[in-house]
Amino acid sequence: MSKAPPSAFWTQPVVDLARALIGCQLLVDGAGGTIVETEAYDVDDPASHAFGGPRGRNLAMFGPVAHAYVYKIYGIHWCLNFVGGVHPGSAVLIRAIAPTQGIETMIARRGLSDPRKLCSGPGKLAQALSIDRRLDGAPLDQAPFALTLGNEADIVVGPRIGISKAIDHPWRFGARGSPFLSRAFPKDG
DNA sequence: GTATCGATGATCT
DNA sequence: GATCATCGATACC
């Protein structure tokens with residue numbers, strides 16, 4: 001059976017954490033599935049909201065690990081991050097999930113029936129899992145969150161998506177060949 | 001298949 | 001006023 005991550009899981013380097021989260025199961029109020037795509041954002045990373053120190057919306061990033069950081073982007077979409085890493089201010093963006101539980105609920109929230117489009121992107125999964133500002137700073141080991149460790153051997157790496165700074169860091173991770181990724185990886189095998 | 005663009009609001013200069 | 005860790009609709013190849 002699956003277990004919740006130990007505290008040491010969260011305090012490993014954030015890039016390692018992003019890789020380790022691939023294959024873990026994430027449920028929010030009973031809806032969700034297997035994490036198939038993540039990105040790491042380090043505290044000294046110009047592309048990170050934490051760059052420049054704690055202020056405004058990024059305060060949750062400097063809070064305790066194993067908590068959520070949720071923000072709104074482009075005035076429309078919510079994005080879910082997991083706070084973790086060696087230093088305060090780093091976090092992992094959850095970019096895509098393979099839906100396994102609460103699929104009917106997620107279909108209703110998204111207004112779509114194609115399972116490949118339910119959670120294949122940060123804004124999409126936030127809508128499918130009903131993520132919004134009320135979960136900013138919420139602990140991941142308590143309801144409505146339920147996170148359990150998983151295994152994923154075949155992981156692909158690539159540059160992060162949608163950023164304009166530090167674009168060369170290969171800090172995007174995905175389950176190779178998954179049909180639930182937000183986009184294909186550049187040099188997939 | 002790829003390219004471009006509008007929505008819509010918080011944050012930053 | 002510009003930018004933004006996005007998405008979906010549209011136009012074109």
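Sequence lines set the chain letters: A, B, ... in the order given, protein chains first and strands last, and positions in each chain run from 1.
Taking 4.5 Å as the limit, every side-chain heavy atom of A:Ser130 sits out of range of all side-chain heavy atoms of A:Asp29. With a 4.5 Å cut-off on side-chain heavy atoms, A:Leu147 and A:Ile35 count as touching. In this structure the side chain of A:Leu26 reaches within 4.5 angstrom of the side chain of A:Leu129, judged on heavy atoms. Side-chain contact between A:Phe180 and A:Pro99 is present, with at least one heavy-atom pair separated by less than 4.5 Å. Considering only heavy atoms from C-beta on, A:Phe51 stays 4.5 Å or farther from A:Lys165 through its side chain.
At the heavy-atom level, A:Gly121 lies under 4.0 Å from the strands shown only through sugar-phosphate atoms. Note on A:Arg133: nothing from the nucleic acid sits closer than 4.0 angstrom, heavy atoms only. Within 4.0 Å (heavy atoms only), A:Arg55 reaches sugar-phosphate atoms of the nucleic acid but no base atom.
A donor-acceptor pair is defined here as one N or O able to donate and one able to accept, closer than 3.5 Å; such a pair exists between the side chain of A:Arg55 and the backbone of A:Gly53.
Under the 3.5 Å distance criterion, with hydrogens and angles disregarded, no donor-acceptor pair is assigned to the side chains of A:Gln127 and A:Arg109.
With the nearest nucleotide of DNA chain C identified for both A:Lys124 and A:Ser164, A:Ser164 has the one nearer the 5' end.
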Atom pairs under 3.5 Å: protein N/O with N/O of nucleotides 6-10 of chain B:
residue: B:dT8; atom: O2; partner: A:Tyr74; partner atom: O; Å: 2.1
residue: B:dG9; atom: N2; partner: A:Tyr74; partner atom: N; Å: 3.4
residue: B:dG9; atom: N2; partner: A:Gly75; partner atom: N; Å: 3.4
residue: B:dG9; atom: N3; partner: A:Gly75; partner atom: N; Å: 3.3

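Along DNA chain C, the stretch of nucleotides lying under 4.0 Å from any heavy atom of chain A spans, 5' to 3', C:dC4 to C:dG8.
Evaluated for a side chain to side chain contact (heavy atoms under 4.5 Å, CB included) with A:Tyr41, the options A:Ile163, A:Val92, A:Val14 yield exactly one hit, A:Ile163.
Taking a pair to require two hydrogen-bonding distances under 3.5 Å in either a Watson-Crick or a G-U wobble arrangement, B:dG1 pairs with C:dC12. Remark: B:dT8 base-pairs with no nucleotide; criterion is Watson-Crick or G-U wobble with both hydrogen-bond distances under 3.5 Å.
Between A:Phe51 atom CZ and B:dT11 atom C1' the separation is 16 Å, expressed in whole Å.
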